[in-house]
Amino acid sequence: MAHESTHQNNPFRPHARVVGMTAPVRVMIANAKGGCGKTTLATNVASHFAHHGELTALIDYDPQGSSMDWLAARDVHLPTITGVAAYQKHAPQTSTKTWSLRVPANTSRVVIDTPAGLAGNVLSDLIQQSDVLLIPVIPSAIDIRAATGFIRDVLLSRSYRMNPKPIAVIANRVRKNTLIYAKLEKFLNSLQIPFITALRDTQFYVRASEHGLGIVDFDQQDKKDIAEWQPLVDWLDQTIDQIRQSQQASR
């Protein structure tokens, strides 16, 4: 049963908001490989931000429109998230900047759900328009190989080389007591970017998605899910604090 949450009921620690018309912090969820759980990660990150009182926008570049379907199913009594179906009006090769004209002026958090097959100039353009990049990877040999190529493309992209952004990797749909997860964990730990957490393989996320919910929107939450999400929540909070401090220092 979902409800309009308060900070008192929230297992995640609230953080002070930056007051004023500062630019929103933009979190991009990306992996060129389809089926790795980008939308599940994007919707839950957006739910987390909105749950903490941040004015949040969810930008959907995936032609499947899964994030917009999730928003359409979301109860009006839950914390509001503004949706932008960026895939409807703009071809992949056009500018990604126009979403900023379609979100409220005082938006403080933007979550960007990207399509499969992201590469080249489109990837570079989206990196330029983002402040943080999260890469979900699932435990399979094919996905591990695909992630290797995608991470290389990110690090070699013109936008990243000109202005490096914080990057983190999240293992998704994980069954930990398996050989393939051990291989994935070894691979992720070998990277030169943070491996933040592993999210378990459960139908809970599927059921939540059908009703426009994130895990923070439930009265009762599984302790395993809270424990798995906390490292990512902490990393995002710390990273956003650093971004805000850098923005203030550059003024």
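What you see is a predicted model; the values in this text were computed from it and never measured.
- Side chain of Thr239 to main chain of Leu236: no donor-acceptor pair is present (N/O by atom type, distance under 3.5 Å, no hydrogens or angles).
- Although no hydrogens or angles enter the test, the distance criterion places no donor-acceptor pair under 3.5 Å between the side chain of Asn172 and the main chain of Pro136.
- With sequence neighbours left out, Asn121 forms a side-chain contact (heavy atoms from CB on, under 4.5 Å) with no residue at all.
- Nearest heavy atoms, Asn44 versus Thr40: ND2-O, 2.9 Å.
- Here Arg173 pairs with nothing under the salt bridge (Lys or Arg N to Asp or Glu O under 4.0 Å) rule; sequence neighbours left out.
- Counting only distance, with no hydrogens or angles, the side chain of Thr107 and the backbone of Leu55 share no donor-acceptor pair below 3.5 Å.
- Note that the CG atom of Leu133 and the CD1 atom of Ile167 stand 5.0 Å from one another [nearest 0.5 Å].
- Nearest heavy-atom pair, Thr114 versus Ala30, reported as atom, atom and distance to 0.1 Å: OG1-CA, 3.3 Å.
- Residues Tyr160 and Val154 come closest through the heavy atom pair CB-O, 3.2 Å.
- For the atom pair Leu123 CG and Gln128 CD, the distance stands at 11.5 Å (nearest 0.5 Å).
- Taking both residues in full, the closest heavy atoms of Ala198 and Tyr181 are given as CB-OH, 3.6 Å, listed atom of the first, atom of the second, then distance.
- Side-chain N or O atoms of Asn31 include none that pairs as donor or acceptor with a backbone N or O of Lys38 at under 3.5 Å.
- Side chains of Leu213 and Ser47 form no contact here, defined as non-hydrogen atoms less than 4.5 Å apart.
- Within a 6.0 Å sphere centred on CG of Asn189, heavy atoms belonging to other residues, nucleotides or ligands number more than 12.
- Looking at Arg74 and Asp217, their side chains come closer than 4.5 Å, going by heavy atoms from C-beta outward.
- Applying the salt bridge (Lys or Arg N to Asp or Glu O under 4.0 Å) rule to Asp201 yields the partners Arg175; only residues at least two apart in sequence or on another chain are considered.
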>> Quick one, Leu232 with His48, criterion side chain to side chain contact (heavy atoms under 4.5 Å, CB included). Give me CA distance, side-chain angles, the key distance, then yes/no.
In response: CA-CA 11 Å; Leu232 177 56; His48 165 69; over 6 Å; no

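- No hydrogens or angles considered: a donor-acceptor pair under 3.5 Å links the side chains of Gln230 and Asp234.
- At distances below 3.5 Å, not a single donor-acceptor pair connects side-chain atoms of Ser130 with backbone N or O atoms of Arg26.
- Distance CG/Asp237 to CH2/Trp235: 11.0 Å, rounded to 0.5 Å.
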> Given the rule in the side chain to side chain contact (heavy atoms under 4.5 Å, CB included) test, do Phe187 and Thr148 qualify, once you have shown the distances and angles that lead to the verdict?
Replying inline: CA-CA 9 Å; Phe187 162 69; Thr148 301; 3.2 Å; yes

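- The shortest side-chain heavy-atom distance between Val45 and Trp229 falls under the 4.5 Å cut-off.
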>> Assess the residue pair Leu118 and Tyr61 against the criterion (side chain to side chain contact (heavy atoms under 4.5 Å, CB included)); give the C-alpha distance rounded to whole Å, side-chain angles, the decisive distance to 0.1 Å, and a yes or no.
In response: CA-CA 10 Å; Leu118 197 59; Tyr61 278 101; over 6 Å; no

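- Counting non-hydrogen atoms of other residues, nucleotides and ligands closer than 6.0 Å to CG of Leu156 gives a total above 12.
- Nearest heavy atoms, Arg244 versus Val25: CZ-CG2, 3.6 Å.
- Residue pairs that meet the salt bridge (Lys or Arg N to Asp or Glu O under 4.0 Å) test with at least one member in residues 141-157, sequence neighbours left out, are Lys33-Asp143.
- Remark: Val206 pairs with Gln203, Glu210 by the side-chain contact (heavy atoms from CB on, under 4.5 Å) rule, at least two apart or across chains.
- Residues Ser157 and Ser124 bring no donor and acceptor atom of their side chains to less than 3.5 Å of each other.
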> Does the side chain to side chain contact (heavy atoms under 4.5 Å, CB included) test come out yes or no for Gln64 and Thr39, once each step is laid out?
Replying inline: CA-CA 10 Å; Gln64 293 184 356; Thr39 296; over 6 Å; no

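- A distance of 7.5 Å separates CG of Asp222 from OG1 of Thr202, quoted to the nearest 0.5 Å.
- Side chain of Lys183 to main chain of Ala141: no donor-acceptor pair is present (N/O by atom type, distance under 3.5 Å, no hydrogens or angles).
- Transitive grouping of hydrophobic side chains (ILVMFWY, heavy atoms separated by less than 4.5 Å) keeps Ile138 and Ile151 in distinct clusters.
- The CG atom of Asn163 lies 12.5 Å from the CZ atom of Arg161; values are rounded to the nearest 0.5 Å.
- Note that the CG atom of Asp60 and the CG atom of Leu71 stand 8.5 Å from one another [nearest 0.5 Å].
- The two residues Ala86 and Ile59 have their closest heavy-atom pair at CB-CG2, 3.9 Å.
- For the pair Lys165 (side chain) and Ile127 (backbone), a donor-acceptor distance under 3.5 Å is present.
- Sorted by first and then second residue, the ring pair (Phe, Tyr, Trp, His ring centres under 6.0 Å) pairs involving residues 190-209 (not counting sequence neighbours) are Phe204-Phe218.
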